[in-house]
Novice: 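Here it is, the structure, as structure tokens.
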Amino acid sequence: MSTTDLGMPGIGPLQSAAPYPLRLVLNWGRRYSLWVFNFGLACCAIEFIAASTSRHDFIRLGVIPFAHGPRQADLMIVSGTVTDKMAPAVRRLYAQMAEPKYVISFGACSNSGGPYWDSYCVTKGVDQIIPVDVYVPGCPPRPESLLQAIVKLQEKIAGENLGRRYRRSGGTPVSAAAATRPLVAPDGDGGPSSRSTSRRARRVVSEAAVPRRQTTSVLPSAPPPAAPVQAMTLRPHTPQTAEDTVVDMPAPVPPNAGPETKEGPR
Amino acid sequence: MEQRPAVPGDTGETERRDKSGFGLGMVKGLATTARTFFRPTHTQEYPDVKPHLPPRNRGVIALVEENCTVCMLCSRECPDWCIYIDSHKETLPATTEGGRERQRNVLDRYAIDFSLCMYCGICVEVCPFDALHWSPEFEYAEFDVRDLVHERDRLHQWSASVLPPPPPDPAAPPPKEIAAAEKAAAKAAAAASAQGGPTDKPGEGRTK
Amino acid sequence: MSKAWQTPRVDSASSTLDVGIGAGGLATADMVLNIGPQHPATHGVLRLRLVVDGEKIVSAEPVVGYMHRGAEKLFEVRDYRQIIVLANRHDWLSAFANELGVVLATEQLLGMEVPERAVWIRTLLAELNRVLSHLMFLGSYPLELGALTPVFYAFREREELQSVLEELSGGRLHYMFNRVGGLKQDVPAGWTLRTLDAIKAVRRRMPDLENLLTDNEIVKARTVDVGVLSRDLAAAYGVSGPIARASGLDVDLRRDEPYLAYGELFAPGGPGRVPVRKHGDCYDRLVVLIEQVRVSLDLAEACVEKLRSLPAGPVNVRLPKVLKVPEGHVYRWTENPLGLNGYYLVSRGDKVPWRLKLRSASFNNVQVLTRMLPGQLMSDMVSIMGSMFFVVGDVDK
């Protein structure tokens, strides 16, 4: 399969240089007129449709369904399992959306692979291929969860600075050829592979390692395993703040650059 | 298989398929929508109106830490392996003279990764000590997926919103604890009456 | 919409590619058109690779696998309670029916007898789930035809039934309520009355939905005599469910090989009926679906009445701490809302299945598109695809 180099996301110079009062107005307009790109993949799509029908009705919040295509959409709600076969299509469609664009990951499968995280053909979370703004937990989440996530996204947009969100500093664009790589073999002792692309150490498992994945030991907690090298990942977000999501992608780090300290959850 | 007759009562089949109507079918549809137009809506305007959630609703899992004995059954039975438990053993000195030292499991870390959780409830079902409960809270979407791993303190906070279970159907068998208690009471009464002398039969102290 | 326009390829059936200004005759070439995998009309991630000659479809090939999650492989490392919660996600519109097939297969291998209360509650939930699944298609199929209103009506009825099921199991879409030997818990007090109310409310509002669909001239113009699936073709491809019954293939496991409480419900004089039509076009498929909703509502009501009259009893069987199923294999099939779903369970005596193969109805239903679509116009393609009532998770598992 040939690879296509997709352009880097970006916005024009006027948007980046807008003064604060103008930004306020623009953010207000942008957050209350989100056209959503129906990206229903699996069961969560049913709850997405339920959120668009009369009982819950996200049109009240300004989110309009049935955008005529990715080009005319602002918001992409990835609902359902992203399989490895579908992942290139997701990436391509995300790239076809025009900036500024937002992504809500709806449901466990698109957050992190969900119930299928140990499958051989599932992408462990759509944030492996596109940057996500809001994650909605649930399997499937309630339609009201989606409404809450939209409100949260709207609050995030209210406070954001598009210039900072799409700045080009901090890394060179990665060519598509560099972004593909062969399968990695796990280490002999079953520990997390040092060449894993997953952000969290525990996600890479071979089948044999599945039952012993968890640190359910009765011994005093062993020091956390060395984190996998963060190659081809997005810059980590600062947790718990509605800060801008930074969308640029750092250059790939060579695989044997040594372990980084694992950022534990909070 | 031989052809069974069509559903009785559907005699107008051929006429129904006739495409050349006078637009009466569309008029019927328009009349329906016009009628619905004047009925009140059933939209529940979410951020202002919270939904009514039944007690068994699977919103989030709450941990009642005092009940947890770190048996790790929940972690083992989870189909996604999304419960992370760390613990260590502590020895307590003997309470009586010449008694035995006791070993106790102490919970260090209890976390549920809600980005993986499939909300099946097997952990809640399997916990022998009622340390895990369902809570109907669902408003915990996050900006960062790592915040979806809820640690002990956050799981403990959810226990404030756990609703009591609904009363069971009258035709359901009574819960195990009640059945066991009634059996024990009956056995005690039988033993007391066997020992001698008529005694008062313990009444049905428990309604279903 | 992501349609990849590929280089036109010259088909030997059409005239040679002799393009030039002023060239004599009209030079045409067939075009390969990809519908999907992301497309508003594909009901999920089904990709259709069409070769079209102008507006006419020359050949069609469904490319499946975009939702393949490897569930059958995951079953091999999960025990008999965990496979239930995983198995209900392949046909996500009728989750209860999927779980049911798995537990029925396991119970057959174990030789387990399920308490009567559990049997009736299971039948009730299966029928309610059937109504939910059919209502979903009754909402989304007209949406593809261009009728925007029925989806709101259909989803309102769905919400009504989903609130009843949520009160019972805790979930709106994935119930995970079956266990080997019965159900997870018993019903709450008053639930049976609320279920009856919900069934009655849905039945009362069904005519609203039908008024928008069955007599509407536009719907009829787009569906009558469009996408005819002959009975022999349906039988040859193993098409099952309401689609097959609309083509005259009269197979319904609830009547022909009853399981759960269907033997009693489909006995003569019972509320069970099997709607069958003979034309096999899109309109018949739609009509069969509407009829099945009515039948299922009747069946559900009969189940509730029976449940209320049953004596007190348990709703599950006490299982050992570690459930090991004896060696053997069994094939168990059920009449799911989309068709016949089969569960082939092979056990080697462990606490996890050795192999659990799923035969899914949508897989066959989608295969027959290769025979149905050629010769149709592009504008009818959406109508035909929508009327095939498949769920992509069921196709790909």
Novice: Between V151(A) and Y46(B), does a side-chain contact (heavy atoms from CB on, under 4.5 Å) hold up when you go through it step by step?
Specialist: CA-CA 10 Å; V151(A) 169; Y46(B) 162 64; 5.6 Å; no
Novice: Quick test of your reading: applying side-chain hydrogen bond (donor to acceptor under 3.5 Å, both in side chains), list the pairs with at least one residue in residues 121-134 of chain B, sequence neighbours left out, ordered by first then second residue.
Specialist: E125(B)-R179(C)
Novice: So what's closer than 4.5 Å to chain B heavy atoms on R55(A): side chain, backbone, both or neither?
Specialist: both
Novice: Do D133(A) and F143(B) make a side-chain contact, defined as non-hydrogen atoms from C-beta onward lying under 4.5 Å apart?
Specialist: no
Novice: Pick whichever of P143(A), G138(A), A149(A) has the most heavy-atom pairs under 4.5 Å with chain B.
Specialist: G138(A)
Novice: Give the member of G114(A), S105(A), A108(A), S110(A) that has the highest number of heavy-atom pairs under 4.5 Å with chain B.
Specialist: G114(A)
Novice: Any idea which heavy atoms bring Q44(B) and E144(A) closest together, and the distance?
Specialist: OE1-OE2, 4.1 Å
Novice: Find the distance between CG (D57(A)) and NE2 (H42(B)) and round it off to the nearest 0.5 Å.
Specialist: 9.5 Å
Novice: Can you see which heavy atom on N111(A) is nearest to which on V145(B), and at what distance?
Specialist: O-CG2, 4.0 Å
Novice: For the side chain of S115(B) and the backbone of S112(A), is there at least one donor-acceptor N/O pair under 3.5 Å apart?
Specialist: no
Novice: Taking all non-hydrogen atoms of both residues into account, name the closest pair between S54(A) and T43(B) and its distance.
Specialist: O-OG1, 3.0 Å
Novice: Say you draw a straight line from OH of Y140(B) to CD of Q148(A); how long is it, rounded to the nearest 0.5 Å?
Specialist: 10.0 Å
Novice: Looking only at heavy atoms and a cut-off of under 4.5 Å, which of E45(B), K50(B), R58(B), R76(B) has the most pairs with chain A?
Specialist: E45(B)
Novice: Can you tell which part of L53(B) gets under 4.5 Å to a heavy atom of chain A, answering side chain, backbone, both or neither?
Specialist: side chain
Novice: Give me the atom names and distance for the closest heavy-atom approach of Y119(B) to C139(A).
Specialist: CD1-N, 3.6 Å
Novice: Looking only at heavy atoms, which two atoms of W117(A) and D80(B) are closest? And how far apart?
Specialist: NE1-O, 2.8 Å
